[in-house]
Amino acid sequence: VSQSRYGQGDKVETYLALFNSHDGKSHLMVKGVNTRVVCANTWAMAMSEQNASRDYKIRHSGNVEGKLDAVAEIIAQARLNAQIMERIFSRFLTHKVNELDSTTHFEHVLGIQNTLKDDRSTRANNELDELRGLSLRGVGIDSSNRGTLWACYNAVTEYTTHHRTIKGEKDDPTIRLTSIIEGRDAELNKRALEIGQMMLS
């Protein structure tokens, strides 16, 4: 649908993803998604996006062909949403942050902003340290976008899709995908976007 670049080597492309159960038990769903090209796990990135306005579901019963006209609407909506997200991400890229700003962003994402460091769990402090590191040296981060709100946002999404330890994942790899779709990872990604937007105002 579209492609944008946020730094020298960090491209984001917008696609329409089609989901179908093939057994008729669930809807055929068209979903507008953004993926970072430099990210190895683009499927997880796509699935992590919780934006119902970019989803369209078609029941397998009734006149499916007649409903396909409505899919054209989501294509148009996907283009519009891509433009909206491009504006937000462009502002993230130009919004400079210092170490305190980025730490504040991450603390709010993790929900530990009102807890003193010494009172936090070891895991919480480790997560915060890892997010700080990813904002400086993560995938797609270089001199053109380091020290920006974009780097903070991408530190969170890289952490949730690649680095966060999830209990039971070794025995069941689908646990991470489930978390990215509707669990804690989805919530962290959503907070990263929302808090970033609040920092812009």
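Values below: every heavy atom of this structure, side chains too, minus hydrogens, waters and symmetry copies. Owing to the predicted nature of the structure, the values given are computational and were not obtained by experimental measurement.
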Looking at every non-hydrogen atom in both residues, tell me the closest pair between [X] and [Y] and how far apart they are.
| X | Y | value |
| --- | --- | --- |
| Asn145 | Gly140 | ND2-O, 3.0 Å |
| Arg184 | Arg164 | NH1-NH1, 3.4 Å |
| Ile141 | Ser135 | CG2-O, 3.5 Å |
| Ile175 | Lys167 | CD1-O, 3.9 Å |
| Leu149 | His105 | CD1-CD2, 4.0 Å |
| Leu128 | Leu110 | N-CD1, 3.8 Å |

Q. How about Met198 and Ile195: do any of their side-chain heavy atoms sit closer than 4.5 Å?
A.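 Touching, per the 4.5 Å side-chain cut-off.
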Q) Can you find a pair of side-chain heavy atoms, one from Val97 and one from Thr104, that are under 4.5 Å apart? A) no
Enter the distance from [X]:[atom1] to [Y]:[atom2] here, rounded to the nearest 0.5 Å.
| X | Y | atom1 | atom2 | value |
| --- | --- | --- | --- | --- |
| Thr115 | Asn125 | OG1 | CG | 10.0 Å |
| Leu134 | His162 | CG | NE2 | 10.5 Å |
| Cys152 | Leu131 | SG | CG | 9.0 Å |
| Leu193 | Ile88 | CG | CD1 | 6.0 Å |
| Ile112 | Glu127 | CD1 | CD | 7.5 Å |
| Phe106 | Glu130 | CZ | CD | 11.0 Å |

Q) Does the salt bridge (Lys or Arg N to Asp or Glu O under 4.0 Å) test come out yes or no for Arg146 and Glu99, once each step is laid out? A) CA-CA 11 Å; Arg146 188 177 293 112; Glu99 185 177 351; over 6 Å; no
**Q.** Main-chain N/O of Gly168 paired with Asp172 side-chain donor or acceptor, under 3.5 Å
**A.** no
Q. Within the side chain of Glu158, is there an N or O that forms a donor-acceptor pair under 3.5 Å with the backbone of Val139?
A.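 A pair under 3.5 Å: yes.
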Q: Report the residues that fulfil ring pair (Phe, Tyr, Trp, His ring centres under 6.0 Å) with Phe92, sequence neighbours left out, ordered by chain and then residue number.
A: Tyr153
Q: Dump the intermediate steps for side chain to side chain donor-acceptor pair (under 3.5 Å) on Ser102 and Arg132, then the final yes or no.
A: CA-CA 7 Å; Ser102 61; Arg132 286 174 176 148; over 6 Å; no
Q: Please report the C-alpha distance between Thr160 and Asn189 in whole Å, then the side-chain angles of each, then the deciding distance to 0.1 Å, and finally whether the side chain to side chain donor-acceptor pair (under 3.5 Å) criterion is met.
A: CA-CA 7 Å; Thr160 58; Asn189 289 341; 2.8 Å; yes
Q.
Is it true that, when you exclude Arg91 itself, more than 12 heavy atoms of the residues, nucleotides or ligands shown sit nearer than 6.0 Å to its CZ?
A.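 No.
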Q: Salt-bridge test for Arg120 and Glu107: reply yes if a basic N is under 4.0 Å from a carboxylate O, no otherwise.
A: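 So Arg120 pairs with Glu107 through a salt bridge.
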Q. When hydrophobic residues are tied together by side-chain contacts of less than 4.5 Å, even through go-betweens, does Val109 share a cluster with Leu136?
A.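 No, because Val109 and Leu136 fall into different hydrophobic clusters, even though each may have its own neighbours under 4.5 Å.
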Q) side-chain contact (heavy atoms from CB on, under 4.5 Å) between His95 and Thr148: does it pass, once the steps are laid out? A) CA-CA 6 Å; His95 189 90; Thr148 66; over 6 Å; no
Q. When clusters are formed from ILVMFWY side-chain contacts under 4.5 Å, directly or step by step, what else is grouped with Leu100?
A.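 None; Leu100 is a cluster of one.
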